[in-house]
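The structure appears below as structure tokens.
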Amino acid sequence: MKKERAWPQFTRNLLIMVGSRNRPQLRRPTWIIVLLSIVSVFLIAAYVYPPHSPSACSLFSSHGCGSGAFDLPPAAHTRELTDAEVESRVVINEILNNYYMHTKKPKVAFLFLSPGSLPFEKLWHMFFQGHEGKFSVYVHSSKEKPTHVSSFFVGREIHSEPVGWGKISMVEAERRLLAHALLDPDNQHFVLLSESCIPVRRFEFVYNYLLLTNVSFIDSYVDPGPHGNGRYIEHMLPEVEKKDFRKGSQWFSMKRQHAIIVMADSLYFTKFKHHCRPNMEGNRNCYADEHYLPTFFTMLDPGGIANWSVTYVDWSEGKWHPRSFRARDITYQVMKNIAYIDESPHFTSDAKRTVVITPCMLNGSKRSCYLFARKFFPETQDRLIQLYSNSTIF
């Protein structure tokens with residue numbers, strides 16, 4: 001405090017010395033000597049008594065000026081982008097900033113990724129019935145041609161390829177489904193579902209939930225453990241840095257403009273295709289379906305995703321795979337609890353096993369998180385149809 005008081009007092013004394021009107025007339029050489037002396041004293045004082053305010057700039061400070069009015073704006077990127085990155089971002093930004101497609105009958109595209117027949121077609125038929133013209137169905141069957149029991153699924157298979165668990169072929173199948181669904185200009189939202197998925201809300205609720213929001217429901221979070229950031233490999237540099245690497249459920253729901261940029265992307269998809277796979281470098285496993293889309297959208301449009309999936313799965317048992325539901329598990333209360341969950345948990349794989357909670361916020365309000373749920377055995381269908389017919393939780 002003493003030094004802070006000495007600085008302004010010293011300055012006032014200098015001003016009095018220079019500005020006194022009663023000073024005697026001095027010759028020019030004497031004036032020069034006096035001015036040089038004053039400047040010298042001023043510089044010495046500045047060195048001895050530097051300003052202590054963190055917002056002030058000191059001539060002799062080793063740190064230069066603090067975060068004041070003359071700071072330079074931060075650099076847009078921490079590194080120079082490659083030509084391929086610049087080209088990719090130009091295309092993506094143009095799509096995100098200039099996309100507009102008006103349609104009189106917007107539809108939700110339901111994309112089923114399945115090895116064969118869909119065991120819950122009867123339940124889905126009840127879900128879709130009466131809402132023709134508001135949805136589209138696409139089925140990717142990777143092992144065998146499905147047998148259908150619902151007219152909504154007949155003839156809705158697309159050209160499919162074999163899919164291996166944890167391999168890039170899973171992402172390729174997702175992109176294949178998106179490509180076929182994008183051919184219909186009325187499809188405005190795209191939901192990826194597995195053969196074990198069921199709806200936990202009625203169609204009207206799902207339709208309004210998805211079409212009246214301005215985000216895509218893509219799960220994305222930081223897992224510092226071995227099954228999260230531990231899967232990152234430096235071969236992804238420079239385009240994908242470890243700080244941007246994310247993990248999330250593959251079961252997405254995305255808006256049309258996001259589906260288009262997934263189709264437009266070659267650069268980042270190729271990185272994951274070559275450097276995120278099982279048995280990478282001998283003993284490291286990376287699963288592209290859990291990392292590609294979460295990382296891609298976190299890097300290129302983080303504000304455009306909700307960071308949770310609208311498809312529920314129960315990881316509470318703490319095992320490698322989520323809990324599967326049997327017929328004995330299906331009760332009114334269980335289904336109601338799933339339908340009204342309003343927080344999405346993420347479990348890290350590090351030693352702390354932290355649970356990261358994401359509140360499900362839409363337009364500033366907390367909402368129910370889930371529209372669908374997965375890992376249900378086929379034996380649950382009759383019980384689910386009974387509940388669907390007689391309760392209001394769906």
Side-chain angles (χ1 to χ4, degrees), residues 105-114 116-139 146-154 156 189-213 217 249 251 253 308-317 321-345 360 362 365-394:
K105 49 178 182 179
K107 296 190 292 186
V108 176
F110 292 83
L111 318 177
F112 290 88
L113 184 56
S114 171
S117 296
L118 298 167
F120 293 103
E121 272 197 23
K122 289 182 180 179
L123 179 62
W124 284 108
H125 185 91
M126 294 181 66
F127 174 78
F128 290 133
Q129 197 165 25
H131 304 287
E132 292 81 352
K134 291 185 176 180
F135 66 91
S136 302
V137 171
Y138 302 85
V139 180
T147 300
H148 299 296
V149 297
S150 167
S151 58
F152 297 129
F153 289 83
V154 174
R156 303 309 301 168
H189 209 104
F190 305 78
V191 181
L192 182 69
L193 301 162
S194 75
E195 77 283 357
S196 71
C197 284
I198 64 163
V200 297
R201 293 284 193 165
R202 293 196 180 272
F203 183 90
E204 297 92 335
F205 187 94
V206 172
Y207 184 83
N208 291 327
Y209 191 105
L210 296 178
L211 290 182
L212 296 180
T213 56
F217 297 94
S249 167
W251 307 105
S253 168
W308 82 83
S309 169
V310 289
T311 299
Y312 171 79
V313 67
D314 185 354
W315 289 99
S316 62
E317 295 179 342
H321 297 287
R323 175 191 177 191
S324 295
F325 291 87
R326 294 280 185 181
R328 63 178 178 270
D329 301 317
I330 307 304
T331 65
Y332 173 87
Q333 194 59 48
V334 166
M335 300 309 299
K336 181 180 179 180
N337 289 344
I338 293 174
Y340 287 94
I341 293 172
D342 59 8
E343 293 182 336
S344 177
C360 298
L362 289 177
S365 301
K366 206 170 186 180
R367 298 283 303 276
S368 299
C369 299
Y370 303 115
L371 307 177
F372 316 99
R374 62 184 299 264
K375 301 304 287 185
F376 286 74
F377 279 99
E379 67 187 55
T380 62
Q381 179 168 239
D382 290 343
R383 180 64 179 143
L384 288 165
I385 288 176
Q386 183 182 3
L387 285 176
Y388 193 91
S389 303
N390 300 319
S391 69
T392 58
I393 60 173
F394 284 91

With sequence neighbours excluded, residues passing side-chain hydrogen bond (donor to acceptor under 3.5 Å, both in side chains) with Glu121: His148
Apply side chain to side chain contact (heavy atoms under 4.5 Å, CB included) to Ser253 and Leu210, showing your working. CA-CA 8 Å; Ser253 168; Leu210 296 178; 3.4 Å; yes
Side-chain heavy-atom pair Glu379, Pro119 within 4.5 angstrom cut-off: no
Please name all residues satisfying disulfide (SG to SG under 2.5 Å) with Cys369, sequence neighbours left out, ordered by chain then number. Cys360
How long is the straight-line distance from CG of Leu123 back to SG of Cys197, given to the nearest 0.5 Å? 11.5 Å
What do the steps show when you test Tyr312 against Ile341 for side chain to side chain contact (heavy atoms under 4.5 Å, CB included), and what is the final call? CA-CA 9 Å; Tyr312 171 79; Ile341 293 172; 3.7 Å; yes
Any non-hydrogen side-chain atom of Phe377 less than 4.5 Å from a side-chain atom of Ser324? yes
Hey, what do you get for CD (Gln129) to OG (Ser150), rounding to the nearest 0.5 Å? 8.5 Å
Phe217: partners by ring pair (Phe, Tyr, Trp, His ring centres under 6.0 Å), with sequence neighbours left out: Tyr209, Trp308
Can any side-chain N or O of Thr311 pair as donor or acceptor with the backbone N or O of Phe372 at less than 3.5 Å? no
Phe190, Phe153, Phe128, Tyr207 screened by ring-ring contact (aromatic ring centres under 6.0 Å, His included) with Phe135, the one that passes: Phe128
Return the CG to CG distance between Leu371 and Leu193, rounded to the nearest 0.5 Å. 10.0 Å
Reported OG-to-CD1 distance for the pair Ser368 and Ile338, which is rounded to 0.5 angstrom: 12.0 Å
Test side chain to side chain contact (heavy atoms under 4.5 Å, CB included) applied to Phe110 and Phe127, step by step: CA-CA 12 Å; Phe110 292 83; Phe127 174 78; 3.9 Å; yes
Heavy-atom nearest pair, Thr380 first then Phe325, reads CG2-O, 3.4 Å
Residue pair Leu387 / Arg383, side-chain heavy-atom distance below 4.5 Å: yes
Rounded distance (nearest 0.5 Å) linking atom CZ of Arg374 with atom OG of Ser309: 9.0 Å
For Phe203 and His131, take the angle between the two ring planes, folded into 0 to 90°, and tell me which bin it lands in: parallel under 30, tilted 30 to 60, perpendicular over 60. parallel
Which heavy atom of Arg323 sits nearest to which heavy atom of Lys375, and what is that distance? O-CB, 3.4 Å
Is the NZ or CZ atom of Arg201 both under 6.0 Å from the centre of the six-membered ring of Tyr370 and within 45° of that ring's axis? no
Any side-chain donor near an acceptor of the partner, Gln333 and Asn337, under 3.5 Å: yes
Between the side chain of Arg202 and the main-chain N/O of Tyr388, is any donor-acceptor distance below 3.5 Å? yes
Heavy-atom pair with the smallest gap, counting every atom of Val200 and Met335: CG1-CE, 3.9 Å
Ignoring hydrogens, what is the shortest heavy-atom contact between Ser117 and Ser114? Give both atom names and the distance. O-OG, 3.7 Å
Contact check, side chains of Val334 and Asp329, non-hydrogen atoms, under 4.5 Å: no
Rounded distance (nearest 0.5 Å) linking atom CG of Asp342 with atom NZ of Lys366: 4.0 Å
Between Ile198 and Leu384, is a side chain to side chain contact (heavy atoms under 4.5 Å, CB included) present by the stated rule, with each step listed? CA-CA 9 Å; Ile198 64 163; Leu384 288 165; 3.8 Å; yes
Compare all side-chain heavy atoms of Val206 with those of Pro199 and state whether any distance is below 4.5 angstrom. no
Minimum heavy-atom distance Val139-Leu118, with the two atoms named: CG2-CD1, 4.2 Å
Do Ser389 and Met126 have side chains that approach each other closer than 4.5 Å (heavy atoms only, starting at C-beta)? yes
Testing Trp251, Tyr138, Trp124 for ring-ring contact (aromatic ring centres under 6.0 Å, His included) with Phe112, which one passes? Trp124
Taking C-beta and beyond as the side chain, do Ser194 and Leu113 meet within less than 4.5 Å on heavy atoms? no
